[in-house]
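Following: one structure in structure tokens, then a few remarks.
Each chain gets a letter, A, B and so on, in the order the sequences are listed, and its residues count up from 1.
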There are 2 protein chains.
Amino acid sequence: MKKIRLGIVGLGSHGTGHTRNILNGMCPELEITAVCDIDPDRLAVHKETFGEFPAFVNYSDMIDSGLIDAILIVTPHYFHPPIAIEAMRKGIHVMCEKPAGVYTKQVKEMNAVAAECNVSFGMMFNQRTNPTYIKTRELVQSGEFGEMRRVSWIITNWYRPQAYYDSGAWRATWSGEGGGVLLNQCPHNLDLWQWICGMPSKVYTKMKFGKWHDIEVEDDVTTIVEYPNGATGTFVTTTGDWPGSNRLEITMDKAKIVVENNVIHLWELDVTEQEFTVSNKVPFCQPKFTYSQVEAPGVETAHCGVMNAWAGNILRGEPLVAQGEEGINGLSISNAMHMSAWTGKEVELPIDDEVYYQMLMERVKTSRRKENVTTVISDLSNTYNTGSDNK
Amino acid sequence: MKKIRLGIVGLGSHGTGHTRNILNGMCPELEITAVCDIDPDRLAVHKETFGEFPAFVNYSDMIDSGLIDAILIVTPHYFHPPIAIEAMRKGIHVMCEKPAGVYTKQVKEMNAVAAECNVSFGMMFNQRTNPTYIKTRELVQSGEFGEMRRVSWIITNWYRPQAYYDSGAWRATWSGEGGGVLLNQCPHNLDLWQWICGMPSKVYTKMKFGKWHDIEVEDDVTTIVEYPNGATGTFVTTTGDWPGSNRLEITMDKAKIVVENNVIHLWELDVTEQEFTVSNKVPFCQPKFTYSQVEAPGVETAHCGVMNAWAGNILRGEPLVAQGEEGINGLSISNAMHMSAWTGKEVELPIDDEVYYQMLMERVKTSRRKENVTTVISDLSNTYNTGSDNK
């Protein structure tokens, strides 16, 4: 079997997890041939844990080493686009951890380079491999139930204690992450949301900064959106609630869908509400419907599924789980949420990238980087929040 | 047994329902001794259905007739305060259907008169007799679980077809109702919401007018609120979705509560989240909790329960289900939602009553009263939306 020579940049908790998966044989078409971290201590820990690999402290050196065909970018978010751009220009295939970047201006540049370079470019949206969400998307996008009318996602099961935020100097700072729960935990949900429901056209957000933690960025977000067809939605998230909820409700002309605890509940009307309301003559009367739970066959292949699809894309042109270029969608919603919260106004999408960049940079200027932080590498294997039942 | 002599003003669907309950012996301390409707046809229908009662077309005449000790006001909303005020000034006890009125300026006047007059003044918030909501309120207000952090109420099971709106010329017009789903269906929920969670201090609302129906008022409402303690919330309602949802989720420092299908789900933490986060040293770790379903004993006595408590209040000083003066709370939220939607801005409570009144009157001026409408009196006994399971 032909193996793709992979370099991993960023050996924190996620980079360590990916290393373990690959060394455990879960990605048979990928072989780690180089690793990179700006912090020599991390390289030392990696060597101690996993054995020796060609190691770099500078990602450009790894890209230019001739040792790798492909790069997995697992650095803090701000570095995703510049590393991806440099790699793509050198003909190196790119898999980028979420989010695509911190601000859309930067991600647009990355996408423009991707369009010019003949490389495979994927985003690590591992939750797109969850059969529940795949099936939900099919239901919504099939057209069978008419148009979407309303969506409410309460996604508050991203609890993080203060110790989490104290585990890395870059965490939850404007200069290190460029945001809080929206940039670190919610990129999955923002991506799934737009993947299932499409992109909203207007966003109003109430945001609280450091409400539940000693951090400068948002840890509590409440949003109202509007879609081009006039449908409306809410999105509520936080890292302060436990046990939180993960409940996605979508109303359509001919159905209601609720996704909770990895179960899809479907109420299907006999006719669309529009058809019913024009023919019915009784003041208190409702369309008939049937209730069912929808099967979502398959298993969630998660991070390895994304990596293996990427390998298949590189080797045989098979489809990616998520095109790299799609990373901008969820980030656009995230940026719009911040802009709305900062201005106190509803904002229209697409937002002005340059204005957003300036607003963010103002906050970066006075960002409070944490002192005396001991970096902790955590085992993340049980933290990926796939919608399990908290009962 | 001493019976209170009751006059009913407004013999539409609700007035008819109340008449039926009382004549069926469900309110043993109340005796209907007069009825009133501005429409002689309705009086004729009432007579034909229930037999002859002293009948009036002018409510002042009924109030002055000497035939009644108490009045049940079941007219279109605009008339609630003026009728209540006139009755109270004549020493007549008042039970007012929801909402208390259409705009807070008017309701403040009603409450001021109530404060001067020694009469019993109750609001028909029949859903306050639902043991599920009584128990939920106890849980939230007990202090046992700390402070409220977040509330989300999706209350979209108020479906009404076009035929409903076509069943009365006053329905769903600025001049006739002064609003749509917030003024007709949701007063119950707005009251329960503030009764359980307290009054919000800020409101932002996206509202759609005649989105699902041929009406001029709102039939689709999405709101974000903030409370004095910084807690946030969402409230989503419509008369366009079927089958809708009725799901109330409340997060507190030491618990999560979900009320759905008349079941109270409780997740109780061992310690408050605040206590956990300062003592815990592990980045990915959560407070322990236990899940249970909370029993809510008792039966929902509904409209008759409210009427019987009112009779007990008049005769023996027993507590009302809802003090008349409390009607202004839900209406204040409703008015704030309209003001926010009309201005596109977050508004602070209390709103400026006079400004709201002017904004409403502008809409009343050009209100499109419906022509050629045949008034229909409906049996409402199955329309009271007590949170039943739609599965």
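With respect to chain A, the highest number of heavy-atom pairs below 4.5 Å among H213(B), Q162(B), E249(B) belongs to E249(B). With respect to chain A, the highest number of heavy-atom pairs below 4.5 Å among E346(B), Q286(B), E273(B) belongs to Q286(B). For the set Q274(B), M252(B), E226(B), the entry with the most heavy-atom pairs within less than 4.5 Å of chain A is E226(B). By number of non-hydrogen pairs under 4.5 angstrom with chain A, the leading residue of I224(B), T222(B), T251(B) is I224(B). Note: G240(B) leads S292(B), G233(B), A255(B), G240(B) in heavy-atom pairs under 4.5 Å with chain A. Of the residues considered (D220(B), T223(B), D253(B)), D220(B) shows the highest number of contacts with chain A, using heavy-atom pairs under 4.5 Å.
Residue T290(B): no heavy atom, backbone or side chain, is found under 4.5 Å from chain A. Heavy atoms closer than 4.5 Å to chain A are found nowhere in K254(B), neither backbone nor side chain. Of the two parts of V282(B), only the backbone, made up of N, CA, C and O, holds a non-hydrogen atom closer than 4.5 Å to a non-hydrogen atom of chain A. Only the side chain of K202(B) comes within contact range of chain A, judged by heavy atoms closer than 4.5 Å.
Here the closest non-hydrogen pair linking F276(A) and P161(B) is CE2-CB, 4.1 Å. Nearest approach of S167(A) to P283(B), heavy atoms of both residues: CB-CG, 4.0 Å.
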Show, in sequence, the C-alpha distance, side-chain angles and deciding distance for W242(A) and T277(B), and conclude whether the side chain to side chain contact (heavy atoms under 4.5 Å, CB included) test is met.
CA-CA 11 Å; W242(A) 186 256; T277(B) 202; over 6 Å; no
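Side-chain atoms of K211(A) come within 3.5 Å of backbone atoms of G230(B) as a donor-acceptor pair (strictly under, hydrogens ignored). Within the 3.5 Å criterion, the main-chain N or O of D241(A) finds no donor-acceptor partner in the side chain of R150(B).
Side-chain contact between V236(A) and T234(B) is present, with heavy atoms from C-beta onward closer than 4.5 Å. Residues P243(B) and L269(A) form a side-chain contact, since some pair of their non-hydrogen atoms from C-beta on lies under 4.5 Å apart. In this structure, the side chains of R247(A) and S245(B) come closer than 4.5 Å at one or more pairs of heavy atoms.
Listed by chain and residue number, nothing satisfies the salt bridge (charged side-chain N to carboxylate O under 4.0 Å, His left out) test with E97(A) (two or more places apart in sequence, or in another chain). Partners of H18(A) according to the ring pair (Phe, Tyr, Trp, His ring centres under 6.0 Å) rule, which considers only residues two or more places apart in sequence or in another chain, are H303(A).
Side-chain contact check for K208(B) and T232(A): no donor-acceptor pair (N or O, by modelled atom type) lies under 3.5 Å.
Using a 30° and 60° split on the angle between ring planes, Y164(A) and F284(B) fall in the perpendicular class, above 60°.
Atom NZ in K256(A) sits 8.0 Å away from atom CG in N157(B) (nearest 0.5 Å).
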